[in-house]
> 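I have a structure here, written as structure tokens, and I will follow up with some questions on it.
Fair warning: this is a prediction, and the values are worked out from it, not measured in the lab.
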Amino acid sequence: VVAAVDAHESLELVALLDGTPDWARHPLAPEHPFAPPASVGDYATFAGEVAARYAGSITYYQLWDEPNIKTHWGNMDPDPAYYVAMLREAYQAIDAAGAETYVIAAALAPTVETGPENLSDVLYLQAIYDLGGADYFDAAAAKPYGFDDDPYDRRVEQDHLNFSRWILLREEMISRGDGDKALWGCNFGWNALPDDWTGPPSIWGSVSMEDQAHYTRQAYERAIREWPWTGGLIVQHWDPDAPADDPVHGFALAPVIDNCEPLNDLFPADT
């Protein structure tokens, strides 16, 4: 995969260091693939080895994903202090590998919950700062899904989920004196399931395929015009590898790319 990306000058790979092999999992979640590691040091060693191996090929590293929700933290309650320890040690190990690197903190799942099982992305970012995590990431990250609203819905509210929500995280970064860092959208999009869908419903809201195409284009246009602090804005998904009844398929752009005019020149068919 790394070699394939290297062959395309216009592509950059973001390496997501996420998930734990069974031998290294937290003892309270030995069966869960997304349990945090039992040893922060082991996670850091792994991160440093990856950075050394791919020096010159991979610049961008994202350290974990969605630690603010129970399902991505070994079905345990989120623990910002433990995550900050992981972030600190892995950041230092990657930096010590000697290559030019750029570390993105974990992309936080959008939720209005306040714990203990799931913790608001805004509250979790606040906790990272409170715990001294600011020195151990080069960019923060959110997941600005659009849910049921278009990308120009300008409500920015703690209790509302929309594309504009990540402005709340940006405001937190600025209030902490961290405005020089970028804020990435590490996964965003609109879910559009077919009319004959028989699987579980989407937890990310639902729009038509036509709106999905329009909204995706408009999201990039808005970010370019209004949000110069945006780092990467990564669409989810092109064509997910998931069970047939998984509603994540509603994010797929591949089924509509050839006949949806709003996306044809944004995602050319040959890329």
Side-chain angles (χ1 to χ4, degrees), residues 1-69 71-76 78-109 124-125 127-128 131-143 178 181-187 231-232 234 236-238 240-241:
V1 171
V2 175
V5 173
D6 270 347
H8 294 272
E9 293 184 1
S10 63
L11 297 180
E12 289 278 3
L13 182 67
V14 178
L16 170 57
L17 305 187
D18 182 47
T20 309
D22 55 5
W23 62 267
R25 291 172 188 159
H26 194 286
L28 296 181
E31 305 299 325
H32 201 290
F34 295 110
S39 167
V40 170
D42 283 348
Y43 180 72
T45 298
F46 165 66
E49 292 287 348
V50 174
R53 178 186 177 102
Y54 295 109
S57 293
I58 299 178
T59 300
Y60 299 95
Y61 291 90
Q62 180 186 324
L63 301 183
W64 212 260
D65 196 47
E66 300 186 339
N68 61 314
I69 60 173
T71 55
H72 217 95
W73 195 250
N75 276 334
M76 302 186 296
D79 186 345
Y82 199 89
Y83 173 69
V84 168
M86 290 171 55
L87 183 66
R88 179 184 65 247
E89 298 302 316
Y91 179 89
Q92 293 173 339
I94 290 172
D95 186 61
E100 179 183 353
T101 54
Y102 181 96
V103 173
I104 305 167
L108 302 177
Y124 199 95
L125 182 60
I128 289 176
L131 293 162
D135 292 337
Y136 306 111
F137 60 89
D138 301 312
K143 294 199 170 186
D178 234 4
K181 294 179 182 177
L183 176 59
W184 283 55
C186 293
N187 293 5
I234 303 172
Q236 174 180 336
H237 285 277
W238 183 256
D241 180 13

> Just wondering, do Val50 and Tyr61 contact through their side chains at under 4.5 Å, heavy atoms?
yes

> By the side-chain hydrogen bond (donor to acceptor under 3.5 Å, both in side chains) test, which pairs, at least two apart or in different chains, include something from residues 14-35?
Asp18-His72

> Can you tell me how far the CG atom of Leu63 sits from the CD atom of Glu89, to the nearest 0.5 Å?
12.0 Å

> Using a 4.5 Å cut-off on heavy atoms from C-beta on, say whether the side chain of Ile69 contacts that of Phe34.
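SC-SC contact between Phe34 and Ile69 ruled out.
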
> Mind checking whether Val2 and Ser57 have side chains closer than 4.5 Å, heavy atoms only?
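Yes, side chains in contact.
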
> For Ile58 and Ala15, work out which heavy atoms get closest and say how close.
CG2-CB, 4.0 Å

> Could you tell me the separation between the OG1 atom of Thr71 and the CE atom of Met76, rounded to the nearest 0.5 Å?
12.5 Å

> Looking at every non-hydrogen atom in both residues, tell me the closest pair between Ala38 and Pro27 and how far apart they are.
CB-CD, 4.0 Å

> Say you draw a straight line from OH of Tyr102 to NZ of Lys181; how long is it, rounded to the nearest 0.5 Å?
9.5 Å

> So which atom in Trp64 and which in Ala35 form the shortest heavy-atom distance, rounded to 0.1 Å?
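Scanning both residues, the minimum pair turns out to be CH2-O, 3.3 Å.
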
> Minimum heavy-atom separation for Ala142 and Ala107, please, with both atom names.
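The pair with the smallest heavy-atom distance is O-CB, 4.1 Å.
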
> Students often mix this up, so state it plainly: with edges at 30° and 60°, are the rings of Tyr136 and Tyr91 parallel, tilted or perpendicular?
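If you compare the ring of Tyr136 with that of Tyr91, the planes turn out perpendicular.
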
> Looking at every non-hydrogen atom in both residues, tell me the closest pair between Pro36 and Tyr82 and how far apart they are.
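Looking at all heavy atoms of both residues, the closest pair is CB-CE2, 4.1 Å.
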
> Look at the side chain of Glu9 and the backbone N and O of Leu11, then say whether any donor-acceptor pair between them is shorter than 3.5 Å.
no

> Between Leu13 and Tyr54, is any pair of side-chain heavy atoms under 4.5 Å apart?
no

> Would you find a donor on one side and an acceptor on the other, under 3.5 Å apart, between the side chain of Tyr43 and the backbone of Leu17?
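Judged by distance alone, yes, a pair lies under 3.5 Å.
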
> For Asp135, is the CG atom crowded, meaning more than 12 foreign heavy atoms sit under 6.0 Å from it?
yes

> What's the spacing between Leu108 CG and Asn68 CG if we round to 0.5 Å?
5.0 Å

> For residues Ala90 and Ala47, report the shortest heavy-atom separation together with the two atoms involved.
CB-CB, 4.0 Å

> Nearest 0.5 Å please: distance from the CG atom of Leu183 over to the CG atom of Asp178.
11.0 Å

> Do the non-hydrogen side-chain atoms of Pro80 and Leu131 ever get within less than 4.5 Å of each other?
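Yes; the side chains approach each other to less than 4.5 Å.
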
> Asn187 side chain to Lys143 main-chain N or O, any donor-acceptor pair under 3.5 Å?
no

> What distance do Tyr83 atom OH and Trp73 atom CH2 have between them, rounded to the nearest 0.5 Å?
8.5 Å

